[in-house]
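Residue indices begin at 1 and follow the sequence shown. Whatever order the structure lists them in is the order used to number ligands and atoms, beginning at 1.
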Amino acid sequence: MASSSLTIIVTGANAGLGLGICERLLVQLAQKNPPDVQEVIPTANSTDPILPCTHLTLIMACRSYARAEASRKHLYDFLDAHTAELRMALDYDGHADVLRENLKIEIQTVDMSSVGSVVEFAKEISSKYTHISHLICNAGATTWTHINWPRCFLQAATDLYGFLTYPNYNVEEVGKVSSDGLGWAWQVNLFGHFAMFRLLEPLLRAGPRDGRVIWLSSQTASPTNLDMDDWQLLKDSHNYGTVKYQIDIVASYLDALAAVSTEAPRVRHIVVHPSVASTGIAMQLTGALLDQIKVICFIIARYLGSTIHIVLPFLAAVTATYAVLAPISALVDEDGRPCKYAAHGNRRGTRAWTKRELIQKWDEHKKDAEVLVERCDALLGEFTK
Ligand SMILES: NC(=O)c1ccc[n+]([C@@H]2O[C@H](COP(=O)([O-])OP(=O)(O)OC[C@H]3O[C@@H](n4cnc5c(N)ncnc54)[C@H](OP(=O)(O)O)[C@@H]3O)[C@@H](O)[C@H]2O)c1
């Protein structure tokens, strides 16, 4: 049986969903036939070269070495505990031990809000590794400053589902600029990752199969405020939803180019989102106590039948592991329409799966995607020349 060696970068891997993605990758790759992709990969004697994975280098791209170090230790302990459980099964095939033996978890610091830091990161990675199989663009942040309480109570009273899923009461800072002089939310979420992808593109093409860039979007991604005269979102009071929509269309555009390219290997782009998970992303708004209340509300929503209030980052990470491991043929829409993958989960919070969604208003904004890519390339060129 063929086996593979994967080198995967996860940005923002030390906490929240990024840490959940790392945990879930380890659990999936500890099995020859990972459950997250069992439906799309033949289970016995798979000939898909990505599986089984016997060698994994997981690169945690984080802004704090100390926080990443603590999470790296957690990940080794987590896999050891999981492997010990697998060993107890009578039909255990020893694969988790092989993966553990050949597992390297590395830390490379990077600040997504600084182009210089991303350039340094790419230089370090290029000097240490011959190829990268996957880049998971997970790090993200919002400019939320406070809750508009009257609006919060009104939405709770009139639209409970929206209150828990598409909050209209989180007030965002308008005009926040990074130390590079760019729109801060735009840079951390989109441009920093775009620059990382472009700078690592030769490595993403240097492996035995197509490289993959996996972009973290959001269920709140929205084209409503998209304005190409304010493409760095400095005037946008809903910049988080807009930058996530920009990610949807930029990644879809890049993938459409890759899909028709005759070069091999190519770099494919896949958009995923975790639906609703409990992480630190809204902590600056809520504080610890309110955050706990929010989690309880999510769990109630789940019991009432919502499949998108997943809560646990480990479960919400299912779309990222699916995008890493599923064959490309399973990741494209049959009619060629751009799509993204959303996480859904069961009522008890024990199981999660992926569901394909179409990118909203693609036909209307395809040209904007092309222009955004041109502008990102030109801007990166200015920084690196
Ligand atoms: N949670 C959800 O329900 C949800 C829903 C939709 C989409 N998402 C998306 O999922 C992704 C992960 O978010 P999360 O919920 O896990 O949030 P989180 O708990 O706040 O984690 C964010 C991660 O990004 C890192 N990060 C933030 N700014 C950075 C920067 N300038 N440079 C490098 N790393 C930076 C953080 O590092 P530090 O620990 O150093 O701060 C942390 O590791 C984001 O793209 C977010 O938009 C989340």
Side-chain angles (χ1 to χ4, degrees), residues 9-24 60-72 74 107-118 120-121 136-144 164-167 170 172 176 178-180 182-193 195-196 214-222 239-248 251 271-286 291 294-295 297-298 301-302 306 308-317 319-320 340-343 345 352 357:
I9 298 175
V10 183
T11 66
N14 59 290
L17 193 75
L19 187 59
I21 291 171
C22 295
E23 290 176 347
R24 198 166 184 99
M60 305 174 74
C62 302
R63 61 178 160 178
S64 153
Y65 192 92
R67 285 196 288 275
E69 180 66 69
S71 300
R72 168 162 67 177
H74 160 81
I107 296 169
Q108 194 68 51
T109 53
V110 66
D111 180 349
M112 301 308 298
S113 69
S114 154
V115 178
S117 174
V118 173
E120 273 313 304
F121 173 88
I136 305 183
C137 302
N138 163 78
T142 70
T143 60
W144 293 333
L164 292 170
T165 317
Y166 306 100
N170 294 342
E172 296 183 26
K176 185 170 176 178
S178 71
S179 55
D180 287 332
L182 307 178
W184 182 85
W186 181 78
Q187 186 171 4
V188 172
N189 291 281
L190 171 61
F191 184 61
H193 285 115
M196 191 179 274
I214 292 147
W215 296 83
L216 262 293
S217 178
S218 167
Q219 80 286 354
T220 59
S222 164
N239 49 63
Y240 180 66
T242 312
V243 76
K244 290 295 175 183
Y245 183 72
Q246 286 191 347
I247 285 174
D248 287 359
V271 186
V272 302
H273 76 78
S275 296
V276 184
S278 169
T279 65
I281 198 157
M283 207 55 112
Q284 78 266 30
L285 283 181
T286 57
D291 195 66
K294 184 193 78 182
V295 172
C297 291
F298 288 170
R302 215 174 58 199
S306 165
I308 65 164
H309 291 88
I310 298 197
V311 182
L312 288 179
F314 176 78
L315 288 178
T319 45
K340 59 181 181 178
Y341 290 85
E357 294 174 350

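- Of all the atoms in ligand 1, the ones that sit under 4.0 Å from a non-hydrogen atom of Q219 are 5 (C), 6 (C).
- Of the protein's non-hydrogen atoms, N138 O, 3.1 Å is the one closest to atom 44 (C) of ligand 1.
- Within ligand 1, the atoms closer than 4.0 Å to a non-hydrogen atom of D111 are 30 (C), 31 (N), 32 (N), numbered from 1 in the order shown.
- Closest non-hydrogen pair, M112 versus G192, comes out as CE-C, 3.3 Å.
- Contacts between S275 and ligand 1 below 4.0 angstrom, taking non-hydrogen atoms only, involve the backbone exclusively.
- Looking only at heavy atoms of the protein, atom 22 (C) of ligand 1 is closest to G140 O, 3.7 Å.
- Between P274 and ligand 1, not a single N/O pair is under 3.5 Å apart.
- With ligand atoms numbered from 1 in the order given, ligand 1 contributes 6 (C), 7 (C) to contacts under 4.0 Å with heavy atoms of S218.
- Judged purely by distance below 3.5 Å, without hydrogens or angles, the side chains of T142 and Q284 pair a donor atom with an acceptor atom.
- The S113 neighbourhood of ligand 1 comprises atoms 31 (N), with distances under 4.0 Å to a heavy atom of that residue.
- For S64, the closest heavy-atom approach to ligand 1 does not fall below 4.0 Å.
- We find the CE-NZ distance between M283 and K294 to be 7.0 Å, quoted to the nearest 0.5 Å.
- Put simply, no part of A282 is less than 4.0 Å from ligand 1, judged by heavy atoms.
- Not one N or O on the side chain of H74 forms a donor-acceptor pair closer than 3.5 Å with the backbone of L19.
- In H273, neither the side chain nor the backbone holds a heavy atom less than 4.0 Å from any atom of ligand 1.
- In this structure, atom 47 (O) of ligand 1 lies nearest to the protein heavy atom Y240 OH, 2.5 Å.
- E23 places no side-chain N or O within 3.5 Å of a backbone atom of F314 that could act as its donor or acceptor partner.
- N138 places a side-chain N or O within 3.5 Å of a backbone atom of G12 that can act as its donor or acceptor partner.
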- Checking side chain to side chain donor-acceptor pair (under 3.5 Å) for the pair T220/H273: CA distance, chi angles, key distance, verdict? CA-CA 10 Å; T220 59; H273 76 78; over 6 Å; no

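- Closest to atom 10 (O) of ligand 1, if we only count protein heavy atoms, is L17 CD2, 3.7 Å.
- Of the candidates T279, I247, I310, I308, T279 brings a heavy atom nearest to atom 14 (P) of ligand 1.
- Per-residue contacts place R67 under 4.0 angstrom from the following atoms of ligand 1 (heavy atoms of the residue considered): 38 (P), 39 (O), 40 (O).
- Among the candidates I136, T11, I247, the single residue satisfying the side-chain contact (heavy atoms from CB on, under 4.5 Å) test with H193 is T11.
- At the shortest separation from atom 19 (O) of ligand 1 among protein heavy atoms lies G280 N, 3.0 Å.
- Close approach of ligand 1 to V276 is summarised as follows: ligand atoms under 4.0 Å from at least one heavy atom of the residue are 3 (O).
- In terms of protein heavy-atom proximity, atom 43 (O) of ligand 1 is closest to N14 OD1, 2.8 Å.
- To the nearest 0.5 angstrom, W184 atom CH2 is 9.0 Å from N239 atom CG.
- Taking all heavy atoms of N189, I281, L19, V118 into account, the minimum distance to atom 17 (O) of ligand 1 is reached by I281.
- Of all protein heavy atoms, the one lying nearest to atom 38 (P) of ligand 1 is R63 NE, 3.6 Å.
- Within the 3.5 Å criterion, the main-chain N or O of A343 finds a donor-acceptor partner in the side chain of S275.
- For atom 21 (O) of ligand 1, the closest heavy atom belonging to the protein is A15 O, 4.4 Å.
- For P274 against I310, the heavy-atom pair with the smallest separation is O-CD1, 4.1 Å.
- For V110, every heavy-atom contact with ligand 1 shorter than 4.0 Å involves the backbone, none the side chain.
- One N or O on the side chain of K244 and one on the backbone of L216 form a donor-acceptor pair closer than 3.5 Å.
- For ligand 1, the polar-atom distance check against A277 finds a nitrogen or oxygen pair separated by under 3.5 Å.
- With a heavy-atom cut-off of 4.0 Å, K244 touches ligand 1 through its side chain alone.
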- Step-by-step side chain to side chain donor-acceptor pair (under 3.5 Å) determination, N14 to S64: CA-CA 9 Å; N14 59 290; S64 153; over 6 Å; no

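- Proximity of a side-chain donor or acceptor of Q187 to a complementary backbone N or O of S178 within less than 3.5 Å is not detected.
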